[in-house]
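I have placed the structure first, in the form of structure tokens, so that the comments after it can refer back to it.
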Protein chains: 2
Amino acid sequence: MERQRRIPEATVARLPVYLRTLLEVQTDGVTTISSERLAELAGVNAAKVRKDLSYLGSFGTRGVGYDVDHLLVQMSRELGLTRDWPVAIVGVGNLGAALANYGGFGDRGFPVAALIDADPTKVGTTFGGHTIRHLDDLPALVDELGIAIGIIATPAAGAQEVADRLVAAGVTSILNFAPAVVTVPAQATLRKVDLALELQVLSFYGQRDSIGSSLREELGVTAEAKNSAV
Amino acid sequence: MERQRRIPEATVARLPVYLRTLLEVQTDGVTTISSERLAELAGVNAAKVRKDLSYLGSFGTRGVGYDVDHLLVQMSRELGLTRDWPVAIVGVGNLGAALANYGGFGDRGFPVAALIDADPTKVGTTFGGHTIRHLDDLPALVDELGIAIGIIATPAAGAQEVADRLVAAGVTSILNFAPAVVTVPAQATLRKVDLALELQVLSFYGQRDSIGSSLREELGVTAEAKNSAV
DNA sequence: CCGACCTTGTTCTCTTGTTCACAAAGTGCC
DNA sequence: GGCACTTTGTGAACAAGAGAACAAGGTCGG
């Protein structure tokens with residue numbers, strides 16, 4: 001399959017899981033790992049692991065497995081994690097503030113570089129080491145700080161406008177937490193995290209469960225289907 | 001398709017989006033909606049909308065469209081949203097605290113009924129109107145409060161144990177925010193929200209974009225693939 | 001140097017999901 | 001009451017993804 005360059009969407013979404021898993025085993029001193037073992041740790045099928053890794057033009061060694069360090073280098077490069085990507089959080093309400101405080105971003109190469117809000121009473125105040133800037137300053141901030149990713153944490157009503165402004169300012173990667181449908185032009189990439197949606201999906205399957213397991217098979221609700229998001 | 005009862009996973013994940021959209025148009029006084037219009041508002045294909053709704057045993061009216069109220073009733077029932085589902089948040093760190101404060105859950109029928117932590121210095125303190133309880137109290141809390149859904153907001157290291165304890169206490173719906181692979185028995189439903197993963201996926205496509213749009217077509221990175229998570 | 005053993009890379013098949021296209025069904029004007 | 005028009009419901013083609021299975025390739029003991 002010599003270094004093929006079209007990586008399927010589903011594979012891209014699994015690479016970060018492999019990456020995290022490999023980092024863990026690396027700190028345990030493991031230097032080589034088989035697809036079987038990696039699959040077990042990552043919670044997926046071994047054949048899938050091998051197929052996914054083969055897209056990286058991977059060099060596993062038959063009979064042995066994959067070199068952990070080498071795999072980490074390849075994967076980091078493929079995911080573009082060899083550099084930091086500064087993030088701007090737009091909307092410093094409950095959720096935005098929480099995300100700003102959440103250390104998990106900076107640790108993983110996504111430093112929070114700016115907090116942005118449209119509310120004049122918030123602009124100028126300091127939060128978690130950042131002075132909140134006005135949405136109108138967005139283009140300047142993108143230039144100054146090299147913002148690569150925008151996180152929308154506004155109420156639903158403002159989400160589309162924020163997305164439009166982010167794109168206009170040159171930010172082409174957007175993560176939307178607002179419970180609203182947002183569209184962006186083709187050159188931009190948008191992903192969403194919808195907390196209420198997740199709970200509602202759980203509600204669907206949870207309700208099904210409570211009608212009794214004897215019926216479940218008949219209704220066709222299988223364990224695989226229920227857990228497919230993981 | 002007379003009232004068929006196997007609803008595909010992909011459809012289940014879209015029902016909440018339709019639901020939200022319908023609630024919006026309902027407040028605008030709209031009583032009837034076509035699949036075309038609903039598709040536009042929900043950001044999906046019209047044929048997909050019709051097929052999804054047909055799984056509800058839906059009664060649209062040809063030549064007219066769907067009755068908004070009726071659709072909302074059917075959909076709420078199907079998703080199990082005719083009652084509240086009390087939620088327990090396990091892990092009151094940065095993220096857990098944020099989720100506890102986030103009003104979006106209670107509003108949508110998922111009241112936060114308990115905050116749980118394993119840290120003795122946190123147990124007994126009050127946060128957002130809730131006294132933080134110890135993880136050991138979980139079974140009692142499930143019985144007392146009818147906890148239906150558990151949210152894991154602990155560090156990665158503790159996630160699996162919390163999941164095990166939730167399942168043991170009778171909670172079969174789990175939403176995992178911890179950056180760790182968690183597995184549950186088949187009778188339980190697990191979904192995950194992985195913030196770092198989302199950013200890493202954005203990084204992948206963002207990096208691709210920066211090599212120039214002329215190459216993009218050749219590399220096969222299409223707008224559809226990039227936006228498929230939305 | 002050879003053979004037993006192990007693990008990868010890849011092909012093939014099956015399942016799931018998406019989209020098109022069109023017949024069926026109902027509305028409302030004339 | 002009939003006809004033109006609209007929109008649904010669904011069959012069928014197509015695309016994407018998952019997983020089983022196996023040949024190819026490499027290791028390591030003897």
Side-chain angles (χ1 to χ4, degrees), chain A residues 1-4 6-15 17-18 30-68 70-71 74 201 220-230, chain B residues 1-4 6-15 17-18 30-68 70-71 74 201 220-230:
Chain A
M1 184 178 286
E2 37 90 355
R3 197 93 201 156
Q4 182 175 331
R6 171 68 215 273
I7 302 187
E9 163 83 9
T11 294
V12 173
R14 277 189 298 267
L15 290 182
V17 178
Y18 300 146
V30 174
T31 60
T32 299
I33 193 167
S34 69
S35 61
E36 193 91 32
R37 178 77 180 127
L38 180 52
E40 184 190 337
L41 294 172
V44 302
N45 177 289
K48 210 186 313 194
V49 168
R50 290 199 293 277
K51 197 176 282 188
D52 286 343
L53 296 185
S54 77
Y55 289 116
L56 303 179
S58 127
F59 279 73
T61 309
R62 301 181 189 218
V64 177
Y66 299 87
D67 182 81
V68 172
H70 184 240
L71 218 45
Q74 293 297 322
V201 171
V221 179
T222 66
E224 291 75 33
K226 285 163 55 190
N227 294 330
S228 71
V230 181
Chain B
M1 183 181 283
E2 36 92 355
R3 197 94 202 155
Q4 182 176 329
R6 171 66 215 273
I7 302 188
E9 163 83 9
T11 295
V12 172
R14 278 189 296 267
L15 290 182
V17 178
Y18 300 146
V30 174
T31 60
T32 297
I33 193 168
S34 69
S35 61
E36 193 91 32
R37 178 77 180 127
L38 180 52
E40 184 190 338
L41 294 172
V44 302
N45 176 291
K48 208 184 316 195
V49 168
R50 290 199 292 276
K51 194 161 275 193
D52 286 343
L53 295 185
S54 78
Y55 289 116
L56 302 179
S58 127
F59 280 74
T61 308
R62 299 180 191 219
V64 177
Y66 299 87
D67 182 81
V68 173
H70 183 239
L71 218 45
Q74 292 297 321
V201 171
V221 179
T222 65
E224 291 75 34
K226 287 164 55 194
N227 295 330
S228 71
V230 181

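All of these numbers come straight from a predicted model, not from anything done at the bench. In what follows, chains are A, B, ... by sequence order, proteins preceding strands, each numbered from 1. Values below: all heavy atoms of this structure, side chains included; hydrogens, waters and symmetry mates excluded.
In this structure, Ala47(B) reaches the bases: a heavy-atom distance under 4.0 Å links it to at least one base atom across the strands shown.
Ser35(B) has a side-chain polar atom (N or O) that falls below the 4.0 Å cut-off from OP1 or OP2 of dT8(D). A close approach under 4.0 Å does occur between a side-chain nitrogen or oxygen of Arg14(B) and OP1 or OP2 of dT18(C). Remark: Tyr55(B) is not in phosphate contact with dG17(C), judged by side-chain N or O atoms under 4.0 Å from OP1 or OP2. Between Tyr66(B) and dG9(D) there is a side-chain N or O to OP1 or OP2 distance below 4.0 Å. Contact check, Asn45(B) against dC20(C): a side-chain N or O comes under 4.0 Å of OP1 or OP2. In terms of phosphate contacts, Thr61(A) brings no side-chain nitrogen or oxygen within less than 4.0 Å of OP1 or OP2 of dG26(D).
The side chain of Ala10(B) approaches dT18(C) more closely than any other nucleotide in the set dT7(C), dT18(C), dG9(D). Closest approach to the Arg62(B) side chain among dC22(D), dT19(C), dT8(D) is made by dT8(D) (side chain taken as heavy atoms from C-beta onward). Of the candidate nucleotides dT7(C), dG17(C), dC12(C), dC12(C) has the atom nearest to the side chain of Lys51(A).
Distance CG (Leu15(B)) to P (dG17(C)): 13 Å, rounded to an integer number of Å. At whole-Å resolution of the value, CD1 in Ile7(B) and P in dG17(C) are 12 Å apart. Taking atom CG on Asp52(B) and atom P on dT16(C), their separation rounds to 16 Å, with Å as the unit. Taking atom CZ of residue Arg50(A) and atom P of nucleotide dC6(C), one finds them 15 Å apart after rounding to whole Å. Here the P atom of nucleotide dG19(D) and the CD atom of Glu36(A) are 13 Å apart, to the nearest Å. One can place CG of Asp67(B) at 15 Å from C1' of dT8(D), the figure rounded to the nearest angstrom. In this entry the distance linking CG of Leu71(A) with C1' of dT8(C) reads 13 Å, nearest Å. Atom-to-atom, CZ of Arg37(B) to P of dT6(D) comes out at 18 Å; the value is rounded to the nearest Å.
The residue among Lys48(A) and Gly60(B) whose nearest nucleotide of DNA chain D lies closer to the 5′ end is Gly60(B). Each of Val64(A) and Leu53(B) has a nearest nucleotide on DNA chain D; the 5'-most of these lies closest to Leu53(B).
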Next item on the list: Could you walk me through whether Lys48(A) and Lys51(A) pass the side chain to side chain contact (heavy atoms under 4.5 Å, CB included) test, one step at a time?
Entry: CA-CA 5 Å; Lys48(A) 210 186 313 194; Lys51(A) 197 176 282 188; 5.7 Å; no
Next item on the list: Using the side chain to side chain contact (heavy atoms under 4.5 Å, CB included) rule, take Gln74(B) and His70(B) through it: C-alpha gap first, then chi angles, then the decisive distance, then the call.
Entry: CA-CA 6 Å; Gln74(B) 292 297 321; His70(B) 183 239; 3.3 Å; yes
Next item on the list: Could you go through the side chain to side chain contact (heavy atoms under 4.5 Å, CB included) check for Asp67(B) and Thr61(B) one step at a time?
Entry: CA-CA 8 Å; Asp67(B) 182 81; Thr61(B) 308; over 6 Å; no
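Tyr66(A) has its side chain within reach of Arg50(A): a pair of non-hydrogen atoms, C-beta onward, lies under 4.5 Å apart. Residues Leu56(B) and Leu53(B) are in side-chain contact: their nearest non-hydrogen atoms beyond the backbone lie under 4.5 Å apart.
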